[in-house]
Asker: 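The structure that follows is given in the form of structure tokens.
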Amino acid sequence: MNTGLEAAIAATLKELFGIEETHVDLQETRKEFEGDLTLVVFPYLKASRMSPEATAEAIGKALLPQAEDVSAYNVVKGFLNLSLSDAPIRAAMDRMLLDEQWGIVKLNPDVPAAMVEYSSPNTNKPLHLGHIRNNLLGYSVAKLIEATGKPVLQVQIINDRGIHICKSMYAWKMFGGGETPASTGMKGDHLVGKYYVRFDQQLKSEVANLVAQGLSEEDAKKSAFCMKEVQQMLQDWESGDTEVLELWNTMNSWVYEGFNATYDRLGVQFDKNYYESQTYVLGKKDIEIGLAQGVFYRREDGSVWIDLTEDGLDEKLVLRKDGTSVYMTQDIGTAIQRFSDYQMDSLTYVVGNEQDYHFKVLFLILQKLGYTWAKTLSHLSYGMVDLPSGRMKSREGTVVDADDLLDEMESTAQKLSEELGKVEGLSEAERASLYRTLGHGALKYFILKVDPRKRMVFNPEESIDFNGNTGPFLQYTHARICSILRKAGVMGSWSWEDFTLATKEKEVIKCLAKFPSIVQKAAADQNPSDVASFLYELAKTYNGFYQVHSVLNAETPQIAAFRVALSGQVAGALQRGMALLGMAAPERM
RNA sequence: GGUCCCGUAGCUCAGCUGGAUAGAGCAUCUGCCUUCUAAGCAGACGGUCGCGCGUUCGAAUCGCGCCGGGAUCACCA
């Protein structure tokens, strides 16, 4: 909106004081002062050789006749406050009206894609609150990148193999009595999770017996019968035992069905699923190549390592002495595979910050292996979701299950909607859909409004708010506008000559005008919370306008038509902005 | 112990490429529905920005040192 103003100020600075300033930094004027934009003049005092006030006054005086967009100025100490004339505000509105998707850059299918990996669950237990933060972040970041015009590949890598999977398989075989999701009515992931827990109980009781017989806790764990059985099962799996593989396939299919149901509810989807059962062999040949290049070295016992001490890190194992791969091995292989499979120029891993070190090492290794794309890798490292009591612990049963949480959000939405009498005239299906929209909106906004990098606290005792700085607040603002638009129908025309803008109207336009740059910045920073904060500010600003000005009963039909258009722009920005957060914008609530 | 992250109102969070009297929401209290949805609006109350030193015209923001919390340093993933 203030394009050109910086240049005008730079010119003025040069003219008055001979200052060669390339980037003049204007900031929004604080609410308690008169004006729209503020220039801080302290940096120019040396050159001006005048007091702060005199310097600001001189700049303002020189600027006023030159800059058309500036209608007035005032000086408070070292701050030059500039008031914008209506012209740039009108122009901003005019630009919005030209583009239905204003704020979102049109997708260009011809540029290389960005890959975003997120979710990446284990198949031995259902998704929980931590996965929800991960999924919401991953999805939102994908949408943000798309909003810069770039295609996005959303992928997950499913940890479907290993000792932990065998644990639930073993327990099901021993204690399951042939239970299936169909026979129990349980969601597949929950059923499998139940047997994972069941295994842990079995192990505990066996360990207790062994400890009673005099074994140490550690030895007892190793020699417990069930543990040996599970290890055998893993070996059978790796050697391709058909019976084990069949059970593995069956139970995993239950889990996937369950995961997909939860993904559906969350509104996330993936372009491709990677499975560790397929990728864990990748990387071994890359290790060989790296050995030949001298990037890695082999120790006497046959294990392969990389020495990162010169980079301030440690020595890191990349291949076990028995030649089997570790997590790092397959991550190396999978990354290389992906860049050869797809036309893409960046890869973002949405993974919790407890793996910061792992990704630091991974990226460094790939760089050392000489892959030019290695510098385009990024780790969106997000903080834990903690309970007021601290970390979620499955052993203490404090894990907040994703499905349960979504259920609770929906029923809270239902309860509030009914109490407020908002659902009269809606069909059953419409009501259910509304509860889902509102409940999920509340949850998504609650999580995404927080800076991803910071850990956040979630209190399951207190239900997530629907008032104040919340998802439903944004949705409510949208629904109210939709109500106006419905009643307005087709409005007459209006033009800028018909009226002068009221202060509240200007505030709305000025706020709205920031939308495109907010989206671009949020995408660049991989930070959905910037969008959330903006949407809140927008809704708040609009509600301030709504409170004092009537749209449909405006002073003149032209003003009414203008306000309908303005309201429509706000609704559009809210809708598109919420979509970037994975939130739906209801038309009534 | 090494490395990294975090510490802002009673609670949950903004602000952090240095700028004016540190902002929201919740909670508590006060007003506002005969006019477009009160899940709203307006206001009150509430802060040694963990502590100290430094850099600067100016520090919540940058640097150093403490204190407190967390993560990570596995032939686990």
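For the numbers below, each heavy atom of this structure counts, side chains included, while hydrogens, waters and symmetry mates do not. The chains referred to below are lettered A, B, ... by the order of the sequence lines, with proteins before strands, and numbering in each begins at 1.
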Asker: Between rG47(B) and rA60(B), how far is it from one C1' atom to the other, in whole Å?
Answerer: 11 Å
Asker: When you get a sec, tell me which of rC13(B), rA24(B), rA20(B) is the closest nucleotide to the side chain of Y536(A)?
Answerer: rA24(B)
Asker: Evaluate the side chain to side chain donor-acceptor pair (under 3.5 Å) criterion for residues R480(A) and N543(A): first the C-alpha distance (whole Å), next the side-chain angles of each, then the deciding distance (0.1 Å), finally the verdict.
Answerer: CA-CA 10 Å; R480(A) 260 198 332 194; N543(A) 286 335; 2.9 Å; yes
Asker: What interatomic distance, in whole Å, is found between P of rA27(B) and the corresponding atom of rC73(B)?
Answerer: 42 Å
Asker: In whole Å, measure the gap between the C1' atoms of rC29(B) and rC67(B) for me.
Answerer: 37 Å
Asker: Suppose we define a pair by two distances each less than 3.5 Å, Watson-Crick or G-U wobble; what does rA71(B) pair with here?
Answerer: rU3(B)
Asker: For N81(A), report the nucleic acid contact type (base, sugar-phosphate, nothing); a contact means any heavy atom under 4.0 Å.
Answerer: base
Asker: Any strand is fair game: report the nucleotide pairing with rG47(B) by Watson-Crick or G-U wobble, both distances under 3.5 Å, or none.
Answerer: none
Asker: rC32(B) pairs with which nucleotide, Watson-Crick or G-U wobble, both distances below 3.5 Å?
Answerer: rG40(B)
Asker: Quick check on RNA chain B: between V40(A) and K360(A), whose nearest nucleotide comes earlier from the 5' end?
Answerer: K360(A)
Asker: Describe, in one word, how the ring planes of F359(A) and Y349(A) are oriented to each other, choosing from parallel (under 30°), tilted (30 to 60°) and perpendicular (over 60°).
Answerer: tilted
Asker: When you compare rG63(B) with rC6(B), how far apart are their P atoms, in angstrom units rounded to a whole number?
Answerer: 11 Å
Asker: Taking atom P in both rU48(B) and rA38(B), compute the distance separating them and give it to the nearest angstrom.
Answerer: 38 Å
Asker: Checking the side chain of R563(A) only, and the main-chain atoms of L552(A) only, is there a donor and an acceptor separated by less than 3.5 Å?
Answerer: no
Asker: Assess whether a salt bridge exists between E505(A) and K510(A), defined as any Lys/Arg side-chain N lying under 4.0 Å from an Asp/Glu carboxylate O.
Answerer: no
Asker: Going by 5.5 Å between centroids and 30° between planes, is there a stack of F33(A) over rA20(B)?
Answerer: yes
Asker: What does the B/S/- profile of nucleotides 68-77 of chain B look like, 5' to 3', with a 4.0 Å heavy-atom cutoff to protein?
Answerer: ---SSS-BSB
Asker: What does nucleotides 34-46 of chain B look like as a protein-contact string, B for base, S for sugar-phosphate only, - for none, at under 4.0 angstrom between heavy atoms?
Answerer: -SBBSBBSS----
Asker: Classify the angle between the aromatic ring planes of W494(A) and F562(A) as parallel (below 30°), tilted (30 to 60°) or perpendicular (above 60°).
Answerer: perpendicular
Asker: If we take the C1' atom in both rG46(B) and rC11(B), what is their distance in whole Å?
Answerer: 12 Å
Asker: Give, for atom CD of E315(A) and atom CG of D307(A), the distance between the pair rounded to the nearest 0.5 Å.
Answerer: 4.5 Å
Asker: Does E537(A) offer a backbone N or O that forms a donor-acceptor pair with the side chain of T541(A) under 3.5 Å?
Answerer: yes
Asker: Are R299(A) and W305(A) in a cation-pi setup, meaning NZ or CZ lies under 6.0 angstrom from the ring centre and within 45 degrees of the ring axis?
Answerer: yes
Asker: Can you see if the side chain of R30(A) gets near the phosphate of rG19(B) - specifically, an N or O under 4.0 Å from OP1 or OP2?
Answerer: no
Asker: Which whole number of Å gives the distance between the C1' atom of rU37(B) and that of rC32(B)?
Answerer: 16 Å
Asker: Answer with base, sugar-phosphate or nothing: what part of the nucleic acid does P586(A) contact at a heavy-atom distance below 4.0 Å?
Answerer: nothing
Asker: Checking all strands, does K77(A) fall into the base, sugar-phosphate, or nothing category for heavy-atom contacts under 4.0 angstrom?
Answerer: sugar-phosphate
Asker: Give the ring-plane orientation class for Y280(A) versus W237(A), where under 30° counts as parallel, over 60° as perpendicular and anything between as tilted.
Answerer: tilted
Asker: Kindly state whether the ring of H164(A) and the ring of Y196(A) have centres lying under 6.0 angstrom apart.
Answerer: no
Asker: In whole Å, measure the gap between the P atoms of rC4(B) and rG65(B) for me.
Answerer: 11 Å
Asker: Counting any heavy atom closer than 4.0 Å, what does D451(A) reach on the DNA or RNA strands: base, sugar-phosphate only, or nothing?
Answerer: sugar-phosphate
